[in-house]
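Residues take their numbers from the sequence shown, with the count starting at 1.
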Amino acid sequence: MAKLMIYGAAGYTGKMAATNAQKAGVELVLAGREQDKAKFVALAGELGVEYRLFAVDDLLASKAALSDINVLLNCAGPFMLTAEPLMKACIEAGVHYLDIAAELDSYQLAETLDQAATAAGVMLLPGSGGSVAMLGSLVGHAAKRVSKPHSVSIAMHVAGGFSRGSAISASDNVNTGLLHRVDGKLISRSPQDVRDFDFGNGPASSFPVTLPDLITIWRATDIPNIETFVYLTDGAFPEGDLAAMPDGPTVDEREANRYHAAVEVTGEDGTVVRSILETVNGYTFTTIAAAEAARRVLNGEARPGFQTPAGLFGAGFAETIADTTIIDL
């Protein structure tokens, strides 16, 4: 039976993804760092599965651990430290690579490694769950409503707090230069380009942010002009000692804070359409979607090289996950 390895399975999102993957009937192997051995012993015992410990920067150990694995799901951030060695190890071992990264660097890396992965017959699917899967599906849906879509403005509403790992990862990857895509090229933009989006409860002031969707939406749709925004509530980004934060939002906190996204697509003829997405909390969606993506890849839904969730699974992928709906305005 084909096997899925989840690296970083002892972390907040990794553990949720592992639990969801097991529920989906996937043959599962947990993996992570030696220093987290006690956590893996406990989790492996709880789930009744195998675990393997190795450092991502040890290529020989990585290849050995991947020798009987078909798909790797990387849940270990910051991804600026783990994506490159694990992508390269997967290419060497002939293993499809998935992750849940929200960092632009991981997607630029996938672009760089696209040719090598294609030659090896290996798929690179960063963002297999999370905002990349959600926003890609939302744009794919809305873009079908106009003839020759020319520009996209998209915003996500983040509520309910961050996990410790997400906060540290985001802090380590603060991009001092804001970007958007203009005529197919990534260029700088002003932080003053604040605009309103309606997520279903009236206009909300959203600020520009550099998201990996600048790469994935363009790759999946060929729309040449893309700008991304975020609207934060519930205390916005955490401050202080991030290492002292709790693992992540509790079940009650996740259930109380659903995720929303809004998109505006403009066609070459000037037609403008708007759609919104509503789903479960971002962490809940991410870990269900990543497990489902891994299951589908294990079952043969894969293409060599750098792929995107919407491009691989279709624009309807997000709506197959939990309680997710897209509404046209």
ring-ring contact (aromatic ring centres under 6.0 Å, His included) partners for His157, two or more places apart: Phe199, Tyr231, His260
In one Ile/Leu/Val/Met/Phe/Trp/Tyr side-chain cluster, 4.5 Å: Val71, Val132: yes
Partner of Ile154 by side-chain contact (heavy atoms from CB on, under 4.5 Å), out of Thr228, Leu277, Leu211: Thr228
Exam field: side chain Thr271 to backbone Gly267, donor-acceptor pair closer than 3.5 Å: no
Taking only distance into account, with no hydrogens and no angle test, what donor-acceptor pairs under 3.5 Å do side-chain atoms of residues 180-187 form with protein atoms, sequence neighbours excluded?
residue : atom : partner : partner atom : Å
Arg181  : NE   : Leu214  : O            : 2.7
Arg181  : NH1  : Gly184  : O            : 2.6
Arg181  : NH2  : Leu214  : O            : 3.1

Any donor-acceptor pair under 3.5 Å from Asn70 side chain to Leu298 backbone: no
With sequence neighbours excluded, residues passing ring-ring contact (aromatic ring centres under 6.0 Å, His included) with Tyr51: none
Salt bridge (Lys or Arg N to Asp or Glu O under 4.0 Å) partners of residues 262-273, not counting sequence neighbours, each pair once: Arg195-Glu264, Glu264-Arg274
Sidechain-backbone polar pair: Asp198 side chain, Gly202 backbone, donor-acceptor under 3.5 Å: yes
Residue pairs fulfilling salt bridge (Lys or Arg N to Asp or Glu O under 4.0 Å) with at least one residue in residues 70-86, sequence neighbours excluded: Glu84-Lys88
Inter-residue atom distance Leu72.CG - Leu4.CG, 0.5 Å rounding: 8.0 Å
Minimum heavy-atom distance between Ser190 and Pro208, given as atom pair plus value: O-CG, 3.7 Å
Set of side-chain hydrogen bond (donor to acceptor under 3.5 Å, both in side chains) partners for Ser62, sequence neighbours left out: none
Atom pair CD1 (Ile6) and CD1 (Ile69), whose distance is rounded to the nearest 0.5 Å: 10.5 Å
Worked check of ring-ring contact (aromatic ring centres under 6.0 Å, His included) between Phe197 and Phe229: CA-CA 9 Å; Phe197 286 84; Phe229 298 81; 5.1 Å; yes
Shortest non-hydrogen contact from Val280 toward Phe285: CG2-N, 3.7 Å
Donor + acceptor pair across side chains of Thr216, Thr308 (<3.5 Å): no
Any residue meeting side-chain hydrogen bond (donor to acceptor under 3.5 Å, both in side chains) with Ser206, in chain and number order, not counting sequence neighbours: none
Main-chain N/O of Phe79 paired to Glu103 side chain as donor or acceptor, under 3.5 Å: yes
Salt bridge (Lys or Arg N to Asp or Glu O under 4.0 Å): pairs with one or both residues in residues 64-75, sequence neighbours excluded: Lys3-Asp68, Arg52-Asp68
ring-ring contact (aromatic ring centres under 6.0 Å, His included) partners of Phe306, counting only residues at least two apart: none
Closest non-hydrogen atom pair, Ala310 against Ser137: CB-N, 4.1 Å
Nearest non-hydrogen partners of Ile91 and Ala116, listed with the distance: CG2-O, 4.0 Å
Qualifying residue for side-chain hydrogen bond (donor to acceptor under 3.5 Å, both in side chains) with Thr82, from Asp99, Asp57, Asn74: Asn74
Of all pairs that satisfy ring-ring contact (aromatic ring centres under 6.0 Å, His included), the ones with a partner from residues 90-145, not counting sequence neighbours: none
Salt bridge (charged side-chain N to carboxylate O under 4.0 Å, His left out) partners for Arg145, two or more places apart: Asp328
Non-hydrogen atoms of Val152 and Val263 that approach each other most closely: CG1-CG2, 3.8 Å
Path from Leu232 to Met134 over hydrophobic side-chain contacts below 4.5 Å: yes
Straight-line distance of Asn20 CG to Thr284 OG1, nearest 0.5 Å: 8.5 Å
Least distance between heavy atoms, Val56 atom then Pro85 atom: O-CB, 3.1 Å
Tyr259: partners by ring-ring contact (aromatic ring centres under 6.0 Å, His included), with sequence neighbours left out: none
Donor-acceptor pair, side chain of Thr210 and main chain of Leu179, under 3.5 angstrom: yes
Same apolar cluster: Leu66 and Leu125, side chain cutoff 4.5 Å: no
